[in-house]
Protein chains: 2
Amino acid sequence: MNENNQPAREPDTEKRILEASAKVFARKGKQGARMQDIADEAGINRTLLHYYFRSKDKLFDTVFEMVFARIFPAMTGIMSSELPFPERIELFIEAYTELLRENPFLPVFVFQEIYEDPDRLLKLFMSKGFDPESTLAQLRSEISTAGLGDMDPRHLFANMMGMVLFPFIGRPIFQAIAFQGDKDAYEEFLEERTSHIPQFMKLAFIGAGVQNQK
Amino acid sequence: MNENNQPAREPDTEKRILEASAKVFARKGKQGARMQDIADEAGINRTLLHYYFRSKDKLFDTVFEMVFARIFPAMTGIMSSELPFPERIELFIEAYTELLRENPFLPVFVFQEIYEDPDRLLKLFMSKGFDPESTLAQLRSEISTAGLGDMDPRHLFANMMGMVLFPFIGRPIFQAIAFQGDKDAYEEFLEERTSHIPQFMKLAFIGAGVQNQK
DNA sequence: GTCTATATGGCGATAGAC
DNA sequence: GTCTATCGCCATATAGAC
């Protein structure tokens, strides 16, 4: 109970706005998103958005940093663990797919943004102390140690990220064409991928071992 | 020389508009793209866009169908050839990567659109007589014949498309982080992928053969 | 804190001169 | 066919009542 009779500030209004914004920005892009769309999604009045975040630009900035804060730890936490290389890959894929299953709007949101402002994401990475050079060097030595020859870690990374991301980015059309639009079947497919992708990569590693032996 | 003194219509103005539109729509999305942006990119007056295509909607529709007309044959032409399965995969990847290297804006353009209107692309596929069910069934039998067990063709397709698409969709950030922004190095990387991806899949197939033998 | 009403600017579209 | 000038709409943003 407040001392005055003003209604108490809904404690989760701000959070609701951020979640709604993330969804709408992901669906429509930064420009395509209307403040009214976001207000509707959050179930609040449109001007409240301005009350909380002043402008559309500031709202977007806040959402983008929130989204990044979710993705970044999932990437680097596992990267820097002490586990052997193949197990780390497996964990990375599982964690990432799980993150995307819970936040399916993330990749579209990020990819829309990197075309709007490519430097922004890069700066965020750097500000977190991420060091591409040393990460690459470390991966290179680990790949070699794992008996995979001189496979470029950047190819491996592109393979892995592509396999993980595609079903999320292409979902609307892929689900419609290959699953007759069956949402539950697609969810199951996504679930399967947490084990399929590491398995597929392991098969490639086995194949590489066979090739390198001869 | 015309009979009247009106200036002749630039023969490639329409084509220039379409190319410019594709680029701008890909960068900014349908909503984010301004008619002025497109006019600037094409080097013409803004109202000429309306003269040629009447409205932004109609212009977008035209561009989208043009883009689809480029992608579709590259997918289905190879799919329906008589070559053995692994060779078809290799050809598909090469053709697709080549298409994307020449038209790097395609995937972003398409992915932005499928979130705006998921049914549209599906309808285009259907109108071309594409039959998902029979394609899936055919792939399933071919995978089995190729000694790959009962690997779901949809997983295989998602793996393949993801590996091909990722470096194009993620280019701005991936080039910046993993290649220090070096454009030429990235082009070379894309070139390498036409051989790396088929090679990687072959390794997985070899690995699958090893697993199935035991 | 939340609402209604309104100011301001930008964009798509068209009319009309040349 | 191409340009300049302009109309009308819609979205962001703010002012101000409650």
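Chain letters run A, B, ... following the sequence lines, proteins first, then strands; residues in each count from 1. On a predicted model such as this, the values are computed, not experimentally measured, just so you know.
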Original post:
So, A/R34 and A/E41, do they make that salt bridge, N to O below 4.0 Å?
Top reply: no
Subject >> Sugar-phosphate only, base, or nothing, as touched by B/S55 at under 4.0 Å among non-hydrogen atoms >> reply: sugar-phosphate
Subject >> Nearest-neighbour nucleotide for the A/Y51 side chain, C/dT2, D/dA5, D/dG1 considered >> reply: C/dT2
Original post:
Looking at the side chain of B/K56, which of D/dA13, C/dA13, C/dG1 is the nearest nucleotide?
Top reply: C/dA13
Original post:
Between D/dT2, C/dG12, D/dT12, which nucleotide has the shortest distance from any of its atoms to the side chain of B/M35?
Top reply: C/dG12
**OP:** Anything under 30° is parallel, anything over 60° is perpendicular, the rest tilted; go ahead and classify B/F111 against A/F166.
**Re:** perpendicular
Original post:
Taking the six-membered ring for Trp, are B/H196 and A/H155 parallel (under 30°), tilted (30 to 60°) or perpendicular (over 60°)?
Top reply: parallel
Original post:
When the distance from CG of A/L49 to P of C/dT2 is rounded to whole Å, what number comes out?
Top reply: 11 Å
**OP:** Determine whether A/I38 and A/K56 make a side-chain contact, defined as any pair of heavy atoms from C-beta on separated by less than 4.5 Å.
**Re:** no
Subject >> Side chain of A/N45 (C-beta onward), nearest among C/dG12, C/dC3, D/dT12 >> reply: C/dC3
Original post:
Which of these nucleotides, C/dA13, D/dT2, D/dA13, is closest to any side-chain atom of A/R46?
Top reply: D/dA13
**OP:** Test B/S55 against B/D57 for side chain to side chain donor-acceptor pair (under 3.5 Å), laying out the working first.
**Re:** CA-CA 5 Å; B/S55 73; B/D57 270 338; 5.3 Å; no
Original post:
Between A/I44 (CD1) and C/dG1 (C1'), how many Å, whole number?
Top reply: 11 Å
**OP:** Mind calculating the distance between CG (A/L48) and P (D/dA15) to the nearest angstrom?
**Re:** 16 Å
Original post:
Out of D/dT14, C/dT2, C/dT14, which nucleotide sits closest to the side chain of B/R54?
Top reply: C/dT14
Subject >> Interatomic distance, B/F53 CZ vs D/dT2 C1' [rounded to whole Å] >> reply: 16 Å
Original post:
What integer distance in Å separates A/D40:CG from D/dA11:P?
Top reply: 11 Å
Original post:
Looking for any heavy atom pair under 4.0 Å, which part of the strands does A/A33 touch: base, sugar-phosphate only, or nothing?
Top reply: sugar-phosphate
**OP:** Would you mind reading off the distance between B/L59 atom CG and C/dC11 atom C1', rounded to a whole angstrom?
**Re:** 15 Å
Subject >> Nearest to side-chain heavy atoms of B/R34, which nucleotide of D/dT2, C/dG12, C/dT6 >> reply: C/dG12
Subject >> Distance in angstrom units between A/H50 NE2 and C/dC3 P, rounded >> reply: 15 Å
Original post:
Taking CD from B/Q36 and P from D/dC3, how many angstroms apart are they, rounded to a whole number?
Top reply: 12 Å
